[in-house]
K.L.:
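Structure below; questions to follow.
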2 protein chains.
Amino acid sequence: MNSQPSSKILDNIRQACGTCSLNSLCLPMGLSHEEMLTLDQLVKRQLIVNKGEYLFRMEHHFDYLYAIRAGSFKTFLVSEKGTDQITGFYLPGELLGFDGIEPGHHQVTAVALETSSVCQLKFDELLQIASKIQGLQRHLMAILSQRFNNQFTISVNHNAEQRIARFLLSLSERFKRRGYSADTFNLTMSRQEIGNYLGLANETVSRILAKFREQGILESHQREMHLLDLRALQMTACG
Amino acid sequence: MNSQPSSKILDNIRQACGTCSLNSLCLPMGLSHEEMLTLDQLVKRQLIVNKGEYLFRMEHHFDYLYAIRAGSFKTFLVSEKGTDQITGFYLPGELLGFDGIEPGHHQVTAVALETSSVCQLKFDELLQIASKIQGLQRHLMAILSQRFNNQFTISVNHNAEQRIARFLLSLSERFKRRGYSADTFNLTMSRQEIGNYLGLANETVSRILAKFREQGILESHQREMHLLDLRALQMTACG
DNA sequence: ATTATGCATTGATGTAAGTCAAATTGATAG
DNA sequence: CTATCAATTTGACTTACATCAATGCATAAT
């Protein structure tokens, strides 16, 4: 089964992540800063995905997780009658592909929203390492559990305003954690895609953003977002 | 740190699960049938929770996962303005408590919907064992990933009929896997609770169940459910 | 520049589901 | 057996958001 000894695998991962500025986000508990110094295997594990291209497709075999180095992705599932349901947006430093673990093939399709760069991590190897490294195993489960919890943050019992406020705050939070501005960013998804994700019509998204502008909560032009009053946005999110 | 050697811990778990008819559901990949024969530590790890009692509470410290032996639970979070949001229902053979992994304290409160019996599993010990047993680690992640995926099965882009149809099918499916009838079962939750979970008013739940009755899709009286036409229900679920 | 093409915005109208209210049923206690 | 209380059902009315439609802007292609 495991032709590669796990210490060798571990070395490869160390090399791959050593110089990545995002390593603390992908696998924060797993590998100490000291462990990650060399980089020669990095390029081998790196992948460029152009805008609109698939990273993986629903029903295709599951082998890898992907850590986003740069860019962004959406995942969606295609329903019985052919309509898409967007299930998530993914930003730099975030892991994606977990949806394939169980039946062994992906439950969703992942598409790049802009030209993006990802690191490919063989899931089996990652698990092997996780069983060796204190905290990594737990961290992977934490990612999954948090993702599940957050799903209810943007949820069925919230109205359109609250959903959009929460969506913006979620993006803001995530950009901030990655060292980007928490109040000024470009959306890489359309109104249509936001609406689909939140269960709203794109017109509703547009109207509510207009309302937020009128209220002085934010400025926006097309996909440029500038949040002016995070506190007010939080109040709106709560209702 | 680990005063107990992991082989000792493993023995305890074996003993706890050896005679439980649900072991194949809780930890199917982890422990072979042969491994689980003795039972003397079982009672120690078993817990009875009466209807309406808490299994764990939001913001309380996270240490344990719970495997349901009998009964059922709901989990909910309390929003900023004090309203509840039900985040899940849990049936025999299912694990709950994962919500606490990340910040180290629970994100939701778990309440018994009827008198229930659960097994308490120390999460740290479970992880220790998972790193030893081929497949268990992966299985735990699979549970989490599936749960996340399923969240979109009952989702924002579906109307009231579809949500309720999907909810019933989900219950049916889960009862079936546990060896219970797939078409006849008692709901342990109120219309109010179903509505809260699905983002609908309890009146809407009531009305749509009435509609399903008229259509001959099911018979229901209070909380007794008898699904007559699973195929039709599936069609409704898809729209 | 000029036309195409897709996305965003804004307005007018319709509808699914929420809210409010009352009636019915069932469970529990006295 | 009757009273009480909660859950469910059903009806009348309201509303938030969807849908349909038209217009305004961008970016890209000619």
Side-chain angles (χ1 to χ4, degrees), chain A residues 50-52 74 83-86 111 113-115 154-168 186-215 217-226 236-237 239, chain B residues 50-52 74 83-86 111 113-115 154-168 186-215 217-226 236-237 239:
Chain A
N50 290 313
K51 180 172 177 172
K74 67 172 174 181
T83 58
D84 289 357
Q85 163 68 51
I86 294 175
V111 169
L113 294 170
E114 59 194 314
T115 298
I154 295 168
S155 113
V156 287
N157 280 325
H158 294 112
N159 66 25
E161 267 190 37
Q162 292 169 328
R163 289 185 205 188
I164 292 171
R166 278 160 194 268
F167 177 72
L168 292 174
N186 281 298
L187 300 177
T188 55
M189 68 291 284
S190 67
R191 303 283 188 266
Q192 178 70 53
E193 287 169 323
I194 296 171
N196 182 302
Y197 177 61
L198 298 177
L200 302 170
N202 60 54
E203 294 94 330
T204 303
V205 177
S206 204
R207 269 186 263 265
I208 285 176
L209 287 176
K211 189 174 175 185
F212 287 168
R213 270 192 305 262
E214 285 162 29
Q215 294 176 332
I217 290 174
L218 53 78
E219 285 169 350
S220 77
H221 178 66
Q222 304 287 115
R223 298 192 181 186
E224 290 169 37
M225 275 289 147
H226 183 44
T236 307
Chain B
N50 290 312
K51 181 173 177 170
K74 67 172 174 181
T83 58
D84 289 358
Q85 162 68 50
I86 294 175
V111 169
L113 293 170
E114 59 194 313
T115 298
I154 295 167
S155 114
V156 289
N157 281 325
H158 294 113
N159 66 25
E161 267 190 39
Q162 292 169 327
R163 288 184 206 189
I164 292 171
R166 277 159 195 267
F167 177 72
L168 293 173
N186 281 299
L187 301 177
T188 55
M189 68 293 283
S190 67
R191 303 283 187 267
Q192 179 70 54
E193 287 169 324
I194 296 170
N196 182 303
Y197 177 61
L198 298 177
L200 302 170
N202 61 55
E203 294 94 329
T204 304
V205 177
S206 204
R207 269 186 263 265
I208 284 175
L209 287 176
K211 187 173 175 186
F212 287 168
R213 269 192 307 263
E214 285 162 29
Q215 295 176 331
I217 290 176
L218 53 79
E219 285 170 351
S220 77
H221 178 67
Q222 303 286 114
R223 297 192 182 187
E224 290 168 38
M225 274 289 145
H226 183 47
T236 306

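Being a predicted model, the structure only gives us computed values, none of them experimental. Chain naming here is simple, since letters A, B, ... match the order of the sequence lines and numbering starts at 1 in each. These values consider heavy atoms only, across backbone and side chains, with no hydrogens, waters or symmetry-generated copies.
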K.L.:
Please check this pair: side chain of Arg166(A) against backbone of Ala237(A), looking for a donor-acceptor N/O pair closer than 3.5 Å.
P.N.:
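Answer holds: yes.
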K.L.:
Between Lys51(A) and Leu113(A), does a side chain to side chain contact (heavy atoms under 4.5 Å, CB included) hold up when you go through it step by step?
P.N.:
CA-CA 5 Å; Lys51(A) 180 172 177 172; Leu113(A) 294 170; over 6 Å; no
K.L.:
So if I take every side-chain heavy atom of Ala210(A) and compare against dA8(C), dT10(C), dT9(C), which nucleotide ends up nearest?
P.N.:
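The answer is dT10(C).
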K.L.:
What does Arg163(A) touch in the nucleic acid at a heavy-atom separation under 4.0 angstrom: a base, only the sugar-phosphate, or nothing?
P.N.:
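Nothing: the residue Arg163(A), judged by heavy atoms under 4.0 Å, touches no strand.
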K.L.:
Reckon Leu209(A) touches a base, only the sugar-phosphate, or nothing at all at heavy-atom distances under 4.0 Å?
P.N.:
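If one applies the 4.0 Å heavy-atom cut-off, Leu209(A) turns out to touch nothing in the nucleic acid.
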K.L.:
Just checking Ser190(A): base, sugar-phosphate only, or nothing, at a heavy-atom cut-off of under 4.0 Å?
P.N.:
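Sugar-phosphate: the residue Ser190(A), judged by heavy atoms under 4.0 Å, touches backbone atoms but no base.
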K.L.:
Show your working on side chain to side chain contact (heavy atoms under 4.5 Å, CB included) between Glu203(B) and Arg207(B) and close with a plain yes or no.
P.N.:
CA-CA 6 Å; Glu203(B) 294 94 329; Arg207(B) 269 186 263 265; 3.4 Å; yes
K.L.:
Measure from the side chain of Arg213(A), starting at C-beta and using heavy atoms only, and say which of dC17(D), dT8(D), dT9(C) lies closest.
P.N.:
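The answer is dT9(C).
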K.L.:
Between C1' on dT8(D) and CG on Leu187(B), what's the gap in Å once rounded to a whole number?
P.N.:
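After rounding, the gap between these two atoms is 13 Å.
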K.L.:
Counting distance only, does the side-chain N/O of Arg163(A) pair as donor-acceptor with the main-chain N or O of His158(A) below 3.5 Å?
P.N.:
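The answer is yes, because a donor-acceptor pair under 3.5 Å joins these two groups.
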K.L.:
Between dC7(C), dT9(D), dG18(C), which nucleotide gets closest to the side-chain atoms of Arg223(A)?
P.N.:
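The closest nucleotide is dC7(C).
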K.L.:
What is the distance from CG of Leu200(B) to P of dG18(C), rounded to the nearest Å?
P.N.:
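About 5 Å, once rounded to whole Å.
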K.L.:
Starting from P on dT19(C), measure out to CG on Asn196(B) and report it in whole angstrom.
P.N.:
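Nearest whole value for this atom pair: 12 Å.
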K.L.:
Closest-nucleotide mapping onto DNA chain D: is Ala160(A) or Thr204(B) further toward the 5' terminus? I mean the 5' end.
P.N.:
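Here Thr204(B) is the residue nearer the 5' end.
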K.L.:
Within the 4.0 Å heavy-atom criterion, would you say Ala201(A) contacts the bases, only the backbone, or no part of the nucleic acid?
P.N.:
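If one applies the 4.0 Å heavy-atom cut-off, Ala201(A) turns out to touch a base.
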K.L.:
State whether the distance check finds a donor on one side and an acceptor on the other, under 3.5 Å, for side chain Glu203(A) versus base dC7(C).
P.N.:
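Counting by modelled atom types and ignoring angles, no donor-acceptor contact under 3.5 Å is found here.
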K.L.:
If I take atom CD1 in residue Ile208(A) and atom P in nucleotide dA8(C), what distance separates them, rounded to the nearest angstrom?
P.N.:
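Spelled out: CD1 on Ile208(A) to P on dA8(C) is 15 Å.
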K.L.:
Using a 4.0 Å heavy-atom cut-off, does Arg207(B) contact any base of the nucleic acid, only the sugar-phosphate backbone, or nothing at all?
P.N.:
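Arg207(B): base contact, heavy atoms under 4.0 Å.
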K.L.:
Mind checking if Gln222(A) touches a base, just sugar-phosphate, or nothing, with heavy atoms under 4.0 Å?
P.N.:
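Sugar-phosphate: the residue Gln222(A), judged by heavy atoms under 4.0 Å, touches backbone atoms but no base.
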K.L.:
For Asp84(A), does its backbone N or O pair with a side-chain atom of Asn196(A) as donor and acceptor, under 3.5 Å?
P.N.:
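Judged by distance alone, yes, a pair lies under 3.5 Å.
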K.L.:
Rounded to whole Å, how long is the line connecting atom CD of Glu224(A) with atom C1' of dT27(D)?
P.N.:
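Glu224(A) atom CD is separated from dT27(D) atom C1' by 14 Å.
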K.L.:
Give the rounded distance in Å between these two atoms: CG of Asn159(B) and P of dA18(D).
P.N.:
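Result: 13 Å.
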K.L.:
Which of these nucleotides, dT25(C), dT19(D), dT8(D), is closest to any side-chain atom of His221(B)?
P.N.:
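When the side chain of His221(B) is considered, dT25(C) is the closest of dT25(C), dT19(D), dT8(D).
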K.L.:
Just how far, in rounded Å, is C1' of dT10(D) from CZ of Arg191(B)?
P.N.:
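To the nearest whole Å, that distance equals 14 Å.
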K.L.:
Give one of base, sugar-phosphate or nothing for Gly195(A), where a contact means two heavy atoms less than 4.0 Å apart.
P.N.:
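Nothing: the residue Gly195(A), judged by heavy atoms under 4.0 Å, touches no strand.
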K.L.:
For Ile164(B) and dT8(D), what is the distance between atoms CD1 and C1' respectively, to the nearest whole Å?
P.N.:
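Value for this atom pair: 14 Å.
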K.L.:
Hey, does the side chain of Arg191(A) reach the backbone of Thr204(A) with a donor-acceptor pair shorter than 3.5 angstrom?
P.N.:
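A pair under 3.5 Å: no.
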